[in-house]
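One structure below.
Below, chains carry the letters A, B, ... as their sequence lines are ordered, and counting in each starts from 1.
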There are 2 protein chains.
Amino acid sequence: MNNKVTIADIARELNLTGATVSRALNNRKGTSEETRKLVQAAAEKMNYRRDRIAWSLRSGRTNIIGVIIPSAEINFFGSVVHGIESMANQHGYNVLIYQSNEQPEYEKKAIETFLSTRVDGILASIAKETKEFSHYLEIKEHGVPLVFFDRANDSLNIPSVVVDDFKGAYYATEHLLKQGYTRIAHIAGQQHLKIFKDRLDGYKAALAANGVTFDESMVYFGDVSINAGRQAIAHLLTVPHPPDAVFAVEDFTALGAVKELKDRNVDIPGSFGVIGFANESFDEHITPSLSSIDQQTVEMGKEACRLLMELIEGNGVVSTQVRTKVVLEPVARFRQSSQK
Amino acid sequence: MNNKVTIADIARELNLTGATVSRALNNRKGTSEETRKLVQAAAEKMNYRRDRIAWSLRSGRTNIIGVIIPSAEINFFGSVVHGIESMANQHGYNVLIYQSNEQPEYEKKAIETFLSTRVDGILASIAKETKEFSHYLEIKEHGVPLVFFDRANDSLNIPSVVVDDFKGAYYATEHLLKQGYTRIAHIAGQQHLKIFKDRLDGYKAALAANGVTFDESMVYFGDVSINAGRQAIAHLLTVPHPPDAVFAVEDFTALGAVKELKDRNVDIPGSFGVIGFANESFDEHITPSLSSIDQQTVEMGKEACRLLMELIEGNGVVSTQVRTKVVLEPVARFRQSSQK
C-alpha cells in the first residue's frame, strides 16, 4: 500500500501544473503528445500509482471497457478482442472480458458486473440463445455507452460494427457456382439471429443472380455446430436430387460437413465442394484446407472500440460525427475444399 | 437507476431479518440452502439490484474474481476459464478476464485494473515473456488472494494448480517407444518456464527408464509455435542419425511438425510418429489426428477457483486446510499420429 507518489510530486518534478500532469496521465485532450510521454515516463520512473477509485469518483471514469463475448473457445472472438485491445491500449483504456457462454442469464450477470465496476463503456456480441434484449437497454438507461460487434440487433437502435454477411454469403455461393458445382446446398443457422438470416438471403440472391432456381430442399437448418454439419450432409445426400456442394453458415458447421463427407469417402473438392464462414484458425490446418469468408476480425474489434470511445468522449450522446453502424467488407479466403 | 428495492423490503416480504437476507444474498455461511434459494428467488422476483459499490464499501467484497490468461486464442485457456466460471458461478462470484498477450507489461496492467476494481481474488497463468515477478508479489502486498494455474512459479510461494508436466512428458515419450519407434526427438520450449523444463525432464526420464541413451542432438529448442515445429523437423531430418518420432512440447509445435512432415511426404504414423501436449481442440480435426496429453483443463479451472475461494473465505490467510499446490494427473489421448 505504498501509494505515496502524487500528481503534485510529478508536477513539481517536471515543473508543470497539476492539471497538466493529470490530463497527460489520463490521455485527455489539451496536452501535446510530447508532454504526455514526458509525464508518463516520469510517472513510471517515480513509481506513481493512480488511486483509481478516488480518481474515478472525481472524474466519473475508470478507463475500463467491458467486453461481452459469447465464448472464449471460438477463435473468432479471441481475434476480435485482440483488435479491441490494441485500440483500447493505444488510448489508455484497459479491457475486461466476460464470457456469456451463449446464454442470456450470463449476459445479465456480465452487465451487472460491468455496471457495478463502473466501466466507461461496453462492447458486446449477442449470445445465440438471447431472444429478449431488455438487459441491453438497461445499459443505455444507466447512461453507459454500448456498441455491438458482429452479432447485433438493429431494432434496438444501438451502434454496431458488423461484417456484410449478405455479401459474404453471396461471394461464397457464387464462388461454388463458378467452380462448376451445379447444385449448391446451404446449411443455415438460427434465423432469429440476423447474421444467419442475412447469410441465407445472400445465398438465395447469388443463386438468383446466376439463374439457379432456389430449391427449399437444399437448405438444412442446424444449430451451428460440428454435429449440425454432419447431420446436414447425412440428410442432404438422401434427398431425391442431392447437392454437389455446400455453403455452411460458419466454419464449425463446415468442419462437420467435411468430416461426414470424408467418412463417406466423398472426394472433396473433386465430387463435392465445401465453403464455410468466419475464417476460423483451424481452416488452414485441416485436410483439405477449408475455404471460408474472412470477417476482418481485428479490424472489427478496432472499429467497435473506436466507435465506443467516440461515444465515451461525447458523454454517450451520439453526435452527427459518430457513425452508428459500420459495415465491413468480407474477404473471400478460397482454399482446397472448394476449388476443383 | 431504479434501485428501489432494498434488503429491508425483501426481509419484510419473507418475514426474515435483514442480516439473514444479506447473508443469503451474499452466499455467506449461516443460512441454509433452502433460505438462500428462497431469498434469491424473492430478490429476483422483486427486481432487487444490489448496490454493489455501497455493498462493497460495507463488506469489503465485490464477489468478482479476476483471471489473467496469456491468450484467448489458445483453446486451452478458454477451456480452463469454463472450469473457473462454473465453480465461481456456483458460489455467486462473477469472473472477469484480462488477456496478457504473453507480455509482462499487460500482466501489470491487468493487475492494476483488477486491484482498482477491487476484485476479491485473482487467478493467473504467467505470460511466456515474463521473467521478473514483482508485479505478482504486489497482489499479495495488497492482501488480495492469488492462485496460479498451469504456468506457475514455485519460488514465489503462491498457491497453484498445475498438471504433472513431467509425468505427461514421460507418458508421451514412453508411448512412442512402445509403438516401436526407436529414435525419439523432443521439440522443447523456453526453459525459463517450469512447465517446459519439466516436459524436457520427463522426456529424458522416460528414455532412461527404457534403456535409451539421451542424445543432445535429438532435442530442438523452439519458441512454441507452428513455425518452431516446422523448423525443428527441417533441422532434425538433416542430422547424421535422424529421429523416427517426435514428442513436441505442445500442440501448435506438433502441428508444425506434422505440416512439415506432410510437405516432405513423410508418412505419419507409418515412418514417423508425432505426439503433442495440451489436447487442443484442433487435434482431432487434423489429418492424421494428433495424439496429445490432456491437462484436464476444466478440472484445473475448477480446482484453481476452489482454492482461491478458500483463500478469500479465510481472508487471505493460508490455513492448514488450504492446499497450497494441487497437481493434476495428465491423461494420454492417443490418436492416429502416433499409433503405427
#### Entry: Proximal component of B:Glu85, with respect to chain A [non-hydrogen, under 4.5 Å]
side chain

### Task
Name the member of A:Glu280, A:Lys109, A:His82, A:Lys262 that forms the most heavy-atom pairs with chain B at distances under 4.5 Å.
A:His82

### Separation between CD1 of B:Ile68 and CZ of B:Phe77, rounded to the nearest 0.5 Å
12.0 Å

### Task
Find the one option among A:Ile226, A:Asn101, A:Ile286 whose heavy-atom pairs under 4.5 Å with chain B are most numerous.
A:Asn101

### Summary
Max heavy-atom pairs within cutoff under 4.5 Å with chain A, candidates B:Val81, B:Ile69, B:Val95, B:Val119, goes to B:Val95

### Message
Between B:Phe76 and chain A, with a heavy-atom cut-off of 4.5 Å, which part of the residue counts as in contact: side chain, backbone, both or neither?
### Response
neither

### Task
Report yes if some heavy atom in the side chain of B:Glu284 is under 4.5 Å from a heavy atom in the side chain of B:Arg333; otherwise report no.
no

#### Entry: A:Ser225 side chain near A:Phe252 side chain, heavy-atom distance below 4.5 Å
no

#### Entry: Heavy-atom contact with chain A under 4.5 Å, split by part of B:Leu96
both

### Query
Taking the side chain as C-beta and beyond, is there a heavy-atom pair between B:Lys259 and A:His285 under 4.5 Å?
yes

#### Entry: Ring centres under 6.0 angstrom apart (B:Tyr98, B:Tyr106)
no

